[in-house]
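What follows is a single structure, written as structure tokens, with notes after it.
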Amino acid sequence: MKGMKLIGVLFISIGLWVLFYKESGFHGFGGYVDKSWENILISLILTVAGIFFIKSNKTNRR
């Protein structure tokens, strides 16, 4: 079960890294495209998945 906790912590740390990673965006045909919503969504998904991995580790223990 230590592997599940390690995977959970890894997911949370990658989610936080994505949240604080600054990529400015790019200029497309319609103007400037900001990628902040993508980063927030990816960070949220990874963090929630990491929390579920850690929680499942605690509930499966006997």
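Ile45 pairs by the side-chain contact (heavy atoms from CB on, under 4.5 Å) definition with Leu41, not counting sequence neighbours. Applying the side-chain contact (heavy atoms from CB on, under 4.5 Å) test to Leu44 and every residue at least two apart in sequence or in another chain returns Val48. With sequence neighbours excluded, the residues that form a side-chain contact (heavy atoms from CB on, under 4.5 Å) with Ile14 are Leu10, Val18, Leu46.
Annotation: side chain of Leu19 is not in contact with side chain of Asn39 (no heavy-atom distance under 4.5 Å).
Within the model, atoms CD1 of Ile12 and CZ of Phe53 stand 11.0 Å from one another, a figure rounded to the nearest 0.5 Å. Note that CH2 of Trp37 and CD1 of Ile42 are 13.5 Å apart. Values are rounded to the nearest 0.5 Å.
Across every non-hydrogen atom of Ser43 and Gly15, the tightest pair is OG-O, 2.7 Å. Nearest heavy-atom pair, Ala49 versus Phe11, reported as atom, atom and distance to 0.1 Å: CB-CD2, 3.7 Å.
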